[in-house]
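Scroll down for the structure; my scribbles are underneath it.
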Amino acid sequence: MLKKTVLAALNEQVNAELHSAYVYLGMSAWCEGKNLPGFAGWMRKQFEEEQAHALKIYDYVLDQGGEVVLKPIAGVPAAYKSLQDVWERTLKHERQVTALIHKLYALAQKEQDFATQALMQWYVTEQVEEEKNASDILQQVKMVGTNSSSIFFIDRHVGKSRE
Ligand code: OFO
């Protein structure tokens, strides 16, 4: 059985993961509008992945006999200054999510909730990959700058990396 504090934090994390999905969907729409189908596709795949992250916790809460409480999902920007802005925000966002995961893990440790710690271990590892992906693509985007033929190339490359 989940302690109240852990249950509340898990429900918050379901919301945070769904918000992440929303963040990526908004970015996908912006990229599509800028004729960047590769980046749009990457973001859309990430939208799906974030929903899977939310559902993994959702299923865990139900398996533990807890109550799932779905709160409103915060809105996301519709416009960005540039492709670099998109990826800077992505990296910042993933770092914030990592901080939330670490906080949840620490809470589970404090409450001696070993099952939630085991679940959160998966997210700790996943966040290393999430930050690395965002950071790698941000570096590439910075490298090409505003050169349109390079942006065309990197768009196709990023899109293919996730087909
Ligand atoms: Fe759920 O990993 Fe990104 O936010």
Side-chain angles (χ1 to χ4, degrees), residues 2 5-32 36-64 66-109 113 115-142 154-155 157-163:
L2 294 166
T5 49
V6 175
L7 176 60
L10 287 166
N11 273 317
E12 285 299 328
Q13 196 58 36
V14 169
N15 187 274
E17 299 292 344
L18 290 174
H19 179 248
S20 287
Y22 224 34
V23 165
Y24 284 110
L25 188 62
M27 289 173 168
S28 179
W30 184 86
C31 291
E32 201 68 64
L36 296 167
F39 284 109
W42 194 102
M43 293 295 186
R44 196 170 168 129
K45 284 258 164 66
Q46 191 63 27
F47 161 69
E48 286 164 13
E49 198 173 303
E50 296 297 353
Q51 290 177 81
H53 292 175
L55 286 174
K56 201 175 167 81
I57 299 171
Y58 167 101
D59 286 336
Y60 172 75
V61 168
L62 293 176
D63 286 350
Q64 288 276 38
E67 186 186 20
V68 168
V69 180
L70 298 174
K71 293 193 181 150
I73 302 166
V76 297
Y80 298 89
K81 281 186 273 179
S82 63
L83 189 57
Q84 185 170 323
D85 182 35
V86 167
W87 287 96
E88 276 167 353
R89 284 175 189 238
T90 299
L91 181 56
K92 190 172 167 212
H93 178 78
E94 286 303 339
R95 285 178 175 157
Q96 284 166 349
V97 173
T98 300
L100 290 176
I101 296 289
H102 289 180
K103 212 169 139 196
L104 217 168
Y105 190 92
L107 175 67
Q109 276 184 322
D113 179 338
T116 301
Q117 282 177 57
L119 177 78
M120 281 304 120
Q121 188 61 57
W122 183 89
Y123 287 86
V124 168
T125 307
E126 175 69 9
Q127 280 311 119
V128 174
E129 195 190 318
E130 296 280 81
E131 286 192 29
K132 181 185 163 25
N133 288 340
S135 171
D136 285 354
I137 299 176
L138 173 60
Q139 292 316 311
Q140 291 168 18
V141 166
K142 275 183 174 170
I154 199 179
D155 179 65
H157 173 74
V158 164
K160 276 210 165 61
S161 74
R162 226 159 165 192
E163 271 174 2

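Whatever order the structure lists them in is the order used to number ligands and atoms, beginning at 1.
Under the ring pair (Phe, Tyr, Trp, His ring centres under 6.0 Å) rule, W30 has a single partner from Y24, Y80, F39, W87, which is Y80.
Side-chain contact between K132 and V128: absent, with no pair of heavy atoms (C-beta onward) separated by less than 4.5 Å. Between Y123 and L104, every side-chain heavy-atom pair lies at or beyond the 4.5 Å cut-off.
When only modelled atom types and interatomic distance are considered, Q13 and E17 share a side-chain donor-acceptor pair under 3.5 Å.
Between W122 and H53, the distance from one ring center to the other falls under 6.0 angstrom.
Of all the N, O or S atoms in H53, the one closest to atom 1 (Fe) of ligand 1 is ND1. The name of the N, O or S atom in E130 nearest to atom 3 (Fe) of ligand 1 is OE2.
The shortest N or O to N or O distance between Y24 and ligand 1 is not under 3.5 Å. By the 3.5 Å distance cut-off applied to N or O atoms, S20 is counted among the residues near ligand 1.
In this structure, K71 pairs ionically with E12, as a charged nitrogen and a carboxylate oxygen lie closer than 4.0 Å. Here E126 does not pair with K56 in a salt bridge; the nearest charged N to carboxylate O distance is not below 4.0 Å.
Near V97, meaning under 4.0 Å from one of its heavy atoms, ligand 1 places the atoms 4 (O).
Contact annotation: for E94 versus ligand 1, heavy atoms closer than 4.0 Å belong to the side chain alone.
In summary, no N, O or S atom of E126 is located under 2.8 Å from atom 1 (Fe) of ligand 1. Within the coordination shell of atom 3 (Fe) of ligand 1, defined by N, O or S atoms under 2.8 Å, E50 is present. Backbone or side-chain N, O or S atoms of E17 do not reach atom 3 (Fe) of ligand 1 at under 2.8 Å.
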